[in-house]
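Residue numbers count from 1 along this sequence.
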Amino acid sequence: MGSSIGIILMYVVIIGAFYMIAIRPQKKKEKEHQALVAAVEVGDSILTTSGFYGVVIDMTDDVVIVEFGSNKNCRIPMQKGAIVEVEKAE
């Protein structure tokens, strides 16, 4: 009987350690990213997950239209989740 309690306790410790090491930091990072995306406004400079820099020119609930390049002719709609960094417009 005593060994089965020890095995159950060992499983609880392993699951707790896994939660603290893997799941908790990922949820924190996801929450920070959602806050970053929620703060995006028209005119902000952004960096996308594919490494492109652009300026937000229009937004809907989950799509942003980003203008890339200096010729101002390249406008691409993309998901807000593809934004990695935001530099606020002055």
Novice: Applying salt bridge (Lys or Arg N to Asp or Glu O under 4.0 Å), which residue pairs with at least one partner in residues 3-22 are found, sequence neighbours left out?
Specialist: none

Novice: Show which side-chain atoms of residues 12-36 pair as donor or acceptor with protein atoms under 3.5 Å away, not counting sequence neighbours.
Specialist:
residue : atom : partner : partner atom : Å
His33   : NE2  : Ile83   : O            : 2.8

Novice: Under the side chain to side chain donor-acceptor pair (under 3.5 Å) rule, collect the residues that match up with Ser50, sequence neighbours excluded.
Specialist: Thr48

Novice: Suppose clustering is done on Ile, Leu, Val, Met, Phe, Trp and Tyr with side-chain heavy atoms closer than 4.5 Å. Which residues sit in the same group as Leu9?
Specialist: none

Novice: Please tabulate, for side-chain N and O atoms in residues 52-64, each donor-acceptor pair with protein atoms closer than 3.5 Å (sequence neighbours left out).
Specialist:
residue : atom : partner : partner atom : Å
Thr60   : OG1  : Val63   : N            : 3.4
Thr60   : OG1  : Val63   : O            : 3.2

Novice: How would you list all residue pairs meeting side-chain hydrogen bond (donor to acceptor under 3.5 Å, both in side chains) that involve residues 78-89, not counting sequence neighbours?
Specialist: Asp44-Lys88

Novice: Side chains of Val66 and Ile76: closer than 4.5 Å at any heavy-atom pair?
Specialist: no

Novice: Shared ILVMFWY cluster between Val40 and Met78, side chains joined below 4.5 angstrom?
Specialist: yes

